[in-house]
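Heads up, the thing below is written out as structure tokens.
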Number of protein chains: 2
Amino acid sequence: MPKAKTRTPALRERLLAAALEIVERDGVAALTARRLAAEAGTSPPAVYELFGDKAGVVRAIFFAGFAQLGAALGELRDGEDPLEDLVALAQRYRRFILERPALAGVMFSRPFASFDPAPAETAAGAAVRERIVGAVRRALAAGRLHGDPTDVAHACVALVHGLAAAESARRLGSSAAAVERRWDVALRALLRGFGGG
Amino acid sequence: MPKAKTRTPALRERLLAAALEIVERDGVAALTARRLAAEAGTSPPAVYELFGDKAGVVRAIFFAGFAQLGAALGELRDGEDPLEDLVALAQRYRRFILERPALAGVMFSRPFASFDPAPAETAAGAAVRERIVGAVRRALAAGRLHGDPTDVAHACVALVHGLAAAESARRLGSSAAAVERRWDVALRALLRGFGGG
DNA sequence: GGGTAAATCGTAACAGTGTTTCGGATGTTT
DNA sequence: AAACATCCGAAACACTGTTACGATTTACCC
């Protein structure tokens, strides 16, 4: 038999952690196969065995980012007012972008890429979407919103995603106060339009 | 004296046209200095003399994209109902993004960290912003909407981007009718939330 | 006209990238 | 100890952004 394998799932996790660190420390441009391998104490071919290609590394970062965002949203507890829960979700969403700008850049950098129909990509954001959709459903059940649940949920998710992408590209305004106000104004307007107070 | 210069503004325009074609045909990853130079019948150093560096080429595409979007929106004529004008603008915006996903990707993602879209978009997107904010202002003047025009415009644009991202990821619904309805429902809810009837 | 000088162009080079090959190292088995 | 199967990473390959520099072309001057 051969010698013991070191290119294991454990090494994959170490590489992914190193990749996230490189991206957050030096930006996505600094993420190269050689640097990543060195940072994790291995060699470039290991990266290719474990991730396929460089796009695979970026894809893994993309997944990890949405997983972390989903976890952050999951920490929020449901309150009395489902509408305020939705606002709180949006605020947490925004805080994530502010705290991890480089990671958010990777997550929102391919806005309309004519991706190959990648079901995995949509799976990445499933937890995030689920959280928002759940709050919408509760608001509908409480009579605070009206309309088709799926339509309302899609609209809310789209607006939050659009605001996140805009802020991540620094396109939502120059002053922090203006950006924050725009999140609030936009979200409350949409909720009001769906019958919310 | 020297020989006649060929790296003129005219060549710059030919290069820019070739760059747009490459991006739309093969994606932004296929845009390399050598390919671009070959496509325009010149050599790589010409690209660097006329655009500075590769980021300069991308920046030029960014500007050209907003000019084209501004022209597309400019073709729409004002109607009687400012709210319907806004809906029509959104639909045209949507069509642009879906018809030219690669170009839209360059325009609405942050291609380079050193390239801050905020001030650049101020210059490039002037016509676009003018068109949307103008329609919002008319709606405000007609008493059909309420709020800060810039805030309202940003909210509309964010929603449009979010819906476009969802649609191009095939996440907005399976049937064309459902997708269409969701665009309409979401947009009209937002306008309603801003005081539109 | 011939020679000089200036200015332009594109070839070729440099460093660094993603990616793959392959020879040597490693451990197991007989 | 010898044979063997397997794994790893140094090195190679094609390509990238970018730049230095020699070849080439033109205008001018004597």
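Sequence lines set the chain letters: A, B, ... in the order given, protein chains first and strands last, and positions in each chain run from 1.
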Subject >> Flag if over 12 foreign heavy atoms under 6.0 Å of CD, Glu130(A) >> reply: no
Original post:
What's the CD-P distance between Glu49(B) and dA7(C), to the nearest Å?
Top reply: 13 Å
Original post:
Can Arg94(A) and Glu180(A) be counted as an ion pair, charged N to O under 4.0 angstrom?
Top reply: yes
Original post:
Would you say dC9(C) has OP1 or OP2 under 4.0 Å from some side-chain N or O of Arg7(B)?
Top reply: yes
Subject >> Thr42(B) side chain near dG10(C) phosphate (N/O to OP1/OP2, under 4.0 Å) >> reply: yes
**OP:** Take atom CZ of Arg77(A) as the centre, draw a 6.0 Å sphere, and report whether it contains more than 12 heavy atoms from other residues, nucleotides or ligands.
**Re:** no
Original post:
Any donor and acceptor pair, going by atom type alone, linking the side chain of Arg192(A) with main-chain N or O of Gly193(B) inside 3.5 Å?
Top reply: yes
Subject >> Over 12 foreign heavy atoms within 6.0 Å of CZ, Arg7(B) >> reply: yes
Original post:
Near DNA chain C, which residues from residues 10-27 of chain B have a heavy atom under 4.0 Å away?
Top reply: none
Original post:
Between dG10(C) atom P and Leu50(B) atom CG, what is the distance in whole Å?
Top reply: 11 Å
Original post:
Of the nucleotides dG9(D), dG10(C), dC7(D), which one has an atom closest to the side chain of Ser43(A)?
Top reply: dG9(D)
Original post:
Taking atom C1' of dA5(C) as reference, at what distance in whole Å does atom NZ of Lys3(B) sit?
Top reply: 15 Å
Original post:
Which letter, B, S or -, goes with each nucleotide of nucleotides 12-20 of chain D from 5' to 3', with contact meaning a protein heavy atom under 4.0 Å?
Top reply: B---BBBBB
Subject >> Five-pair end axes of the helix from dG1(C)-dC30(D) to dT30(C)-dA1(D) and the angle they enclose, rounded to 10° >> reply: 40°
Original post:
Does CD belonging to Glu49(A) count more than 12 external heavy atoms closer than 6.0 Å?
Top reply: yes
Subject >> CD (Glu99(A)) with more than 12 external heavy atoms under 6.0 Å >> reply: yes
Original post:
Counting only heavy atoms not in Gln68(B), do more than 12 sit closer than 6.0 Å to its CD atom?
Top reply: yes
Subject >> Name of the residue among Arg100(A), Met107(A), Arg131(A) meeting side chain to side chain contact (heavy atoms under 4.5 Å, CB included) with Leu69(A) >> reply: Met107(A)
Original post:
Is there a side-chain contact between Leu172(B) and Trp183(B), using heavy atoms and a 4.5 Å cut-off?
Top reply: yes
Original post:
Where do Ala18(B) and Leu36(B) come nearest, in terms of heavy atoms and distance?
Top reply: CB-CD1, 3.8 Å
